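Model, not experiment: these values are computed from the prediction. Letters A, B, ... are given to chains in the order of the sequence lines, protein chains preceding strands, and every chain is numbered from 1.
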There are 2 protein chains.
Amino acid sequence: MEPINLDDKFGRIGEHWRPKVVAALNGQEIKVVKVQGTFPWHHHDDEDEFFLVWKGRFRVEFRDRIVEMGPGDGLLVPRGVEHRTAADGEAEVVLFESAATRNTGNVVDERFTAPDGQRI
Amino acid sequence: MEPINLDDKFGRIGEHWRPKVVAALNGQEIKVVKVQGTFPWHHHDDEDEFFLVWKGRFRVEFRDRIVEMGPGDGLLVPRGVEHRTAADGEAEVVLFESAATRNTGNVVDERFTAPDGQRI
């Protein structure tokens, strides 16, 4: 029951697209991730995902539209919905999702699929 | 799949200690709440709770210690652990917890127990 600080957690991340778990509760995980560039298209069969932008500009692309977000903006992506995430500059994003959700969902990508359950 | 903005959501709240749901996913809810003063002691039998401070100073008190927090600080309170929350000035807090978690947990309090499932 020690508090965490998001800026401290983000400050320890030196790579993009590798979510790190900062808390686990009720079968869910809260993760922090630094992103830059464009992530592969994917969906999650059984997990809803919530993105909260902490710093920078971040977007979630769907096949028919793009949602642009900045700090304090959040977006729920329901299970089954194909999407990809992107950021032109570096952005810091908080994720809320089921424990052990694979970041690339239904896709295994040599570059982007990250190990599960890495704490920071 | 419309984005939300936390500052916008907090700006619409005119009362203290009444959490409002801004997103629901995987049986969980993300809520926003404005607080000031001291909440009753309580615990949640079956739900873990995560607090993320958005603005102001906020504290979580346990029977044996107090955790003081500011913006960007987060704290997980595991199920079963007695606690109360407090803020001397007004604070804005984001909550992550199981859907329909009663804010006063095992306690029903005429003043503080809030209706479940109120969206904003």
Task: Cation-pi geometry met for B/R63 and B/W41 (6.0 Å, 45°) - done: yes
For [X] and [Y], does a side-chain donor sit closer than 3.5 Å to a side-chain acceptor?
X: A/N26; Y: B/E97; result: no
X: B/H83; Y: B/E61; result: no
X: B/H42; Y: B/E82; result: no

Does any backbone or side-chain atom of [X] lie under 4.5 Å from a heavy atom of chain A? Answer side chain, backbone, both or neither.
X: B/M69; result: side chain
X: B/E2; result: both
X: B/V94; result: neither

For [X], is it the side chain, the backbone, both, or neither that has a heavy atom closer than 4.5 Å to a heavy atom of chain B?
X: A/V81; answer: side chain
X: A/D8; answer: neither
X: A/F51; answer: neither

Task: Most contacts with chain B, counted as non-hydrogen pairs under 4.5 angstrom, among A/V77, A/D73, A/V22 - done: A/D73
Open item on the list: For chain B, which candidate among A/D46, A/L25, A/D7, A/V60 shows the most heavy-atom pairs at distances under 4.5 Å?
Closed with: A/L25
Open item on the list: With chain A as the partner, which of B/R65, B/E49, B/E47, B/E68 has the greatest number of non-hydrogen pairs under 4.5 Å?
Closed with: B/R65
TODO: Identify which of B/G74, B/P78, B/S98 forms the greatest number of heavy-atom pairs closer than 4.5 Å to chain A.
DONE: B/G74
- [ ] Starting at CD of B/Q118, measure out to NZ of B/K20 and round the result to the nearest 0.5 Å.
- [x] 4.0 Å
TODO: Can you measure from CD1 (B/I30) to CG (B/L95) and round to the nearest 0.5 angstrom?
DONE: 10.5 Å
Task: Closest contact, heavy atoms only, B/A86 versus B/T38 - done: CB-OG1, 3.8 Å
